[in-house]
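Working notes, structure below.
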Amino acid sequence: MGLCASKDKKEKVIEGDAGATANGGEPNGTATTPAAGQDGKQDTMVDAAVLAKLEEGYAKLAASDSKSLLKKYLTKEVFDNLKNKVTPTFKSTLLDVIQSGLENHDSGVGIYAPDAEAYTVFADLFDPIIEDYHGGFKKTDKHPASDFGDVNSFGNVDPTNEYVISTRVRCGRSMQGYPFNPCLTEAQYKEMEEKVSSTLSSLEGELKGKFYPLTGMEKAVQQQLIDDHFLFKEGDRFLQAANACRFWPTGRGIYHNDNKRFLVWCNEEDHLRIISMQQGGDLGEIYRRLVTAVNEIEKRIPFSHDDRLGFLTFCPTNLGTTIRASVHIKVPKLASNKAKLEEVAAKYNLQVRGTRGEHTEAEGGVYDISNKRRMGLTEYQAVKEMYDGITELIKLEKSL
């Protein structure tokens, strides 16, 4: 069938295929209206096995000391309202949305959208989490049109090379006509990889490079790329719990240009992660390269976009601009006072992570610091928040 919720019959079984299209269906990624009966309820019932797993998982989460946004906003009322709903095309259930957070109580957020329609069908849960994470983006708000601004307006945040080790700006994109990872068939993974590979291989100039499929990649090459922060890791437990690692490594790959300053990840968490990075703090050069690349790729591959939420992604934290501008920065004095570091970061809407990204520790006092807000502001504004915040952190480190 190729339906999302029937991907693993032991875990989830959905009765009936009403509303399913051939080959699992291919929504254009902009679907925002759930298929419902005249009373507004979903037409397809959720199987008893799924409901039992939901009830058990919810009870454990409610009794836990989890600090996740899922626990914060999944009240009993919201849970009861959503537990019988499914998305029209792929029959994704509430379990598909929240299972990662149910299995990992240490999640910061805890939910993913198995398909584009989930953002509407399960809006009672997604909307408050989106509002909390993205700094007040309310369910009545509309994300502004894409605007990369004046790409020449950013300079080097650390011209003396004392603090910033490397700088990276990335964005996520979903390909129109395909669902998100949990609902993709093996055939769709292969088809997408072929489209991405041929598209990127046609890039010229500084962006010219080579596509490396994960299938058949030597382990030593793979590990070297991971250690260099160029390639995604296999088997993140948060993504695995969300069923985002199916058919691994089929359909996954990395493209990089000749000097490895421009990278594209294919089918890691999102369909595409477009990345511009290099040593030092020259944000201006890095941002210009990213904007050029995004515009070139979009000429060849249509992206999924929603009028209210912006560019659509698997994780709600990446919606809108999808932009994450980050630095690896060494601030030993601030690092000895983590509370002060977090305080300044919060003031500028920055997120502080460990050296190797989310869910890791800081190694040798080196932090990964990035903009946190991605919705309700333009791409330019999102990058400027990081630019201003890092400038302030460096100024503060110097004064201590």
Side-chain angles (χ1 to χ4, degrees), residues 100 103-104 106-108 112 164-173 181-182 184 186 189-190 192-194 196-197 200-201 203 206-280 286 289-290 293 314-315 318 324-330 351-370:
S100 184
E103 287 186 32
N104 299 288
D106 58 339
S107 296
Y112 293 96
V164 176
I165 297 163
S166 63
T167 305
R168 179 176 180 267
V169 184
R170 64 90 165 143
C171 64
R173 289 291 186 270
N181 269 335
L184 285 170
E186 190 168 12
Y189 268 119
K190 290 176 179 176
M192 292 167 75
E193 183 188 328
E194 176 55 40
V196 171
S197 176
L200 296 175
S201 296
L203 295 175
E206 188 193 4
L207 304 178
K208 185 175 171 59
K210 183 179 176 183
F211 186 85
Y212 300 86
L214 252 62
T215 305
M217 182 184 283
E218 292 180 14
K219 279 286 180 187
V221 174
Q222 185 177 332
Q223 191 57 49
Q224 183 60 52
L225 289 167
I226 290 171
D227 289 343
D228 290 338
H229 301 287
F230 292 158
L231 187 60
F232 44 92
K233 292 178 290 186
E234 182 177 347
D236 177 307
R237 65 185 165 96
F238 298 90
L239 293 175
Q240 283 201 342
N243 266 325
C245 302
R246 300 168 69 228
F247 310 116
W248 189 280
T250 299
R252 279 77 170 189
I254 175 179
Y255 175 92
H256 66 70
N257 70 343
D258 296 339
N259 64 12
K260 294 187 178 180
R261 290 182 170 186
F262 167 63
L263 314 168
V264 180
W265 290 353
C266 178
N267 281 324
E268 180 241 9
E269 179 176 318
D270 288 311
H271 297 167
L272 294 173
R273 281 282 173 91
I274 304 165
I275 306 161
S276 179
M277 63 193 282
Q278 67 192 53
Q279 296 298 301
I286 293 159
R289 186 186 305 121
L290 180 89
F314 180 45
C315 181
N318 288 322
R324 182 173 187 268
S326 62
V327 292
H328 272 161
I329 186 169
K330 199 164 191 172
Q351 182 177 43
V352 180
R353 293 179 177 179
T355 309
R356 293 179 181 265
E358 201 167 14
H359 314 301
T360 68
E361 295 300 314
E363 298 171 9
V366 176
Y367 289 95
D368 176 322
I369 303 181
S370 64

With heavy-atom distances below 4.5 Å as the criterion, would you say the side chains of Leu263 and Arg170 are in contact?
no

Check whether any side-chain heavy atom of Cys266 sits under 4.5 Å from a side-chain heavy atom of Phe211, and report yes or no.
yes

Look up atom CD in Glu103 and atom CZ in Arg237, then write down how far apart they are to the nearest 0.5 Å.
10.5 Å

So CG of Leu214 and CH2 of Trp248: to nearest 0.5 Å the spacing works out to 6.0 Å

So Lys260 and Leu225, side-chain contact (heavy atoms from CB on, under 4.5 Å) or not? Walk me through it.
CA-CA 10 Å; Lys260 294 187 178 180; Leu225 289 167; 4.1 Å; yes

Identify, with sequence neighbours excluded, every residue that meets side-chain hydrogen bond (donor to acceptor under 3.5 Å, both in side chains) alongside Thr167.
none

Between Tyr212 and His256, how do the two ring planes meet: parallel, tilted or perpendicular, split at 30° and 60°?
parallel

Would you check if the side chain of Arg246 reaches a backbone N or O of Pro182 as a donor-acceptor pair within less than 3.5 Å?
yes

Distance to the ring centre below 6.0 angstrom and angle to the axis at most 45 degrees; does that hold for Arg168 and Trp265?
yes

Distance in Å, Leu239 CG paired with Glu269 CD, rounded so as to fall on 0.5 Å steps:
5.0 Å

Once you round to the nearest 0.5 Å, how far does CD of Gln278 lie from OG of Ser166?
9.5 Å

Please round to the nearest 0.5 Å and tell me the distance separating atom CZ of Arg252 and atom CE of Met217.
13.5 Å

Given Val264, which of Leu207, Leu203, Leu272, Asn257 fulfils the side-chain contact (heavy atoms from CB on, under 4.5 Å) condition?
Leu272

Contact check, side chains of Asn181 and Tyr189, non-hydrogen atoms, under 4.5 Å
yes

Could you report the tightest heavy-atom contact between Ala325 and Val169, atom names first, then the distance?
CB-CG2, 4.0 Å

Least distance between heavy atoms, Thr215 atom then Pro249 atom:
OG1-O, 3.5 Å

Where the side chain of Ser197 meets the backbone of Glu193, is there a donor-acceptor pair that is under 3.5 Å apart?
no

On a heavy-atom basis, which atom in Ala242 and which in Tyr112 lie closest, and how many Å separate them?
CB-CD1, 3.5 Å

Any side-chain heavy atom of Leu290 sitting closer than 4.5 Å to one from Phe262?
no

For Gln223, the side-chain hydrogen bond (donor to acceptor under 3.5 Å, both in side chains) test, sequence neighbours excluded, returns Asp227

Suppose we screen for side-chain hydrogen bond (donor to acceptor under 3.5 Å, both in side chains). Which residues come up paired with Asp270, at least two apart in sequence or across chains?
Arg273

Check whether any side-chain heavy atom of Asn267 lies under 4.5 Å from a side-chain heavy atom of Leu184, and answer yes or no.
yes

Hey, does the side chain of Ser100 reach the backbone of Phe238 with a donor-acceptor pair shorter than 3.5 angstrom?
yes

Could you tell me if the side chain of Ile165 sits less than 4.5 Å from the side chain of Gln279, heavy atoms only?
yes

Gap separating the CZ atom of Arg261 from the CZ atom of Arg289, nearest 0.5 angstrom
6.0 Å

